[in-house]
Amino acid sequence: MDNVKVWIVEDDRDWLRGLVAFLGSQAGIEVTFASDDPEALRVALGERDEKTSADVVLMDIMLHGVPAGIGLAEEVAVSTGARVIMLTSMEEKEFIFRSFQAGAIDYRIKSDFEGLPEAIRAAARRESPISSAAAERMREEFRRLKRLERDFETKKMQDLITPAELELLKLVDKGYTQSEIAGRLFVSIRTVKNHINHILKKLGSKGSKEAAQDAKEKGLF
């Protein structure tokens with residue numbers, strides 16, 4: 001079986017030298033490109049041949065103080081089809097999520113370098129599972145996005161209905177009939193019906209109970 005050809009892009013030169021030496025001592029792994037310069041990577045992408053093309057790329061997220069590795073990961077994945085594993089000493093949730101959006105298939109913390117050989121071999125076999133740390137960060141990010149979506153929808157509803165309309169929906173949620181609501185609010189049934197129709201039009205709800213339930217689920221009561 002051919003060696004797995006690995007490219008490494010890492011701006012810490014001492015760590016880069018150590019990683020090249022470590023991976024070079026591993027059976028079945030061959031480092032064919034290693035640099036701390038993003039431009040050198042772009043040149044390599046244009047000049048690659050069968051002997052030097054990458055099967056797996058280890059990409060540092062932070063290059064010279066900026067998360068340039070994310071954009072480079074996308075370039076590599078699109079132009080070569082290589083499997084990209086992101087490396088970082090940080091555990092930034094945002095960067096993990098953006099890395100996967102860019103086409104990376106895994107995310108590894110540098111302190112866990114001893115696990116890299118197996119991660120590289122698995123990636124080359126296209127069997128690479130997402131590391132448990134990366135998976136948890138992604139789940140947290142999805143939860144954060146879900147909360148943002150919920151907050152947006154809640155604010156949207158708050159902006160659409162008035163405090164008086166919200167009070168009416170609270171009474172609907174408690175099970176009061178339209179006549180009972182009219183009595184409690186000291187208005188006519190016709191006024192209650194008009195308010196409900198107005199609410200339904202604004203919210204796009206099919207009925208007052210559905211609108212009340214929606215408001216309740218969004219935490220407006």
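All values derive from a computational prediction rather than experimental measurement.
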**Q.** From CA spacing to verdict: side chain to side chain donor-acceptor pair (under 3.5 Å), His195, Glu165
**A.** CA-CA 7 Å; His195 277 311; Glu165 290 169 338; 4.6 Å; no
Residues Gly69 and Met59: closest non-hydrogen pair is O-CG, 3.5 Å
Taken to the nearest 0.5 Å, the spacing of Thr154 OG1 from Glu217 CD works out to 10.5 Å
Check: Val78, Leu45: one ILVMFWY side-chain cluster at the under-4.5 Å cut-off?
Finding: no
Given side chains that start at C-beta, do those of Val84 and Val56 come closer than 4.5 Å, heavy atoms only?
no
Problem set entry | Chi angles and distances behind the side-chain contact (heavy atoms from CB on, under 4.5 Å) call for Leu58, Val6 | CA-CA 7 Å; Leu58 301 180; Val6 177; 4.2 Å; yes
In this structure, NE2 of His198 is separated from CG of Leu203 (nearest 0.5 Å) by 10.0 Å
Under a 4.0 Å N-O cut-off, is there an ion pair linking Glu118 with Arg125? yes
Open item on the list: Within the 4.5 Å heavy-atom criterion, are Leu171 and Leu185 side-chain neighbours or not?
Closed with: yes
Nearest heavy-atom approach of Thr32 to Ser53 is OG1-O, 4.5 Å
If you measure from the Lys or Arg side-chain nitrogens to the Asp or Glu carboxylate oxygens, is any gap between Lys110 and Asp60 under 4.0 Å? yes
**Asked** Taking side chain as C-beta onward, heavy atoms only, is Thr88 less than 4.5 Å from Phe95?
**Response** no
Between the CZ atom in Phe152 and the NZ atom in Lys218, the distance rounded to the nearest 0.5 Å is 11.0 Å
SB check Arg17 Asp14 (cutoff 4.0 Å): yes
Looking only at heavy atoms, the pair that brings Gln178 and Ile189 closest together is OE1-CG2, 4.3 Å
Inset, instruction - With the side chain counted from C-beta on, respond yes when Lys209 and Val172 share a heavy-atom pair under 4.5 Å apart, and no when they do not. - result: yes
With Arg108 as the cation and Phe113 as the aromatic partner, state whether NZ or CZ is under 6.0 Å from the six-membered ring centre and within 45° of the axis. no
Exercise. So do His64 and Pro38 actually touch side chain to side chain, heavy atoms under 4.5 Å?
Worked result: yes
Within the structure provided, determine whether Gln158 and Leu220 are in side-chain contact (heavy-atom separation under 4.5 Å). yes
Rounded to the nearest 0.5 Å, the CD1 atom of Ile181 sits from the OG atom of Ser208 at a distance of 7.0 Å
| task | Take Asp151 and Arg147, measure what salt bridge (Lys or Arg N to Asp or Glu O under 4.0 Å) needs, and give me the verdict at the end. | result | CA-CA 6 Å; Asp151 291 346; Arg147 286 195 299 271; over 6 Å; no
Rounding to 0.5 Å, atoms CD1 (Ile29) and CG (Leu116) come to a distance of 8.5 Å
### Query
So, the side chain of Asp173 versus the backbone of Leu169: is there a donor-acceptor pair under 3.5 Å, distance only?
no
Donor-acceptor contact present, side-chain Thr80 to main-chain Ala82, <3.5 Å
yes
Point to revise | In one Ile/Leu/Val/Met/Phe/Trp/Tyr side-chain cluster, 4.5 Å: Val43, Leu72 | key: no
Check: Taking side chain as C-beta onward, heavy atoms only, is Ile199 less than 4.5 Å from Ser205?
Finding: no
Arg150 bridged to Glu153 by N-O distance under 4.0 Å: no
- Task: Please determine if Asp214 and Lys216 form a salt bridge, counting it only when a charged side-chain N lies under 4.0 Å from a carboxylate O.
- Result: no
- Query: Counting N and O atoms only, with roles assigned by atom type, does the side chain of Asp11 sit under 3.5 Å from a partner on the main chain of Asp36, one being a donor and the other an acceptor?
  - Reply: no
Correct closest heavy-atom pair for Tyr107 and Ile109 would be CE2-CD1, 3.6 Å
> Hey, is CZ on Arg42 packed in by over 12 heavy atoms from elsewhere, all under 6.0 Å?
Replying inline: yes
Partner of Phe33 under side-chain contact (heavy atoms from CB on, under 4.5 Å), picked from Val57, Ile8, Val20, Leu41, is Leu41
| Check: Leu87 and Ile61 side chains under 4.5 Å, non-hydrogen atoms | no
Here the gap from Lys202 atom NZ to Asp159 atom CG, rounded to the nearest 0.5 Å, amounts to 10.5 Å
Check: Between Asn3 and Lys5, is there a donor-acceptor pair closer than 3.5 Å when you use the side chain of the first and the backbone of the second?
Finding: no
Between Ser99 and Ile70, the two heavy atoms sitting closest are OG-CG1, 3.9 Å
Nearest heavy-atom contact between Trp7 and Ala44 is CH2-O, 3.8 Å
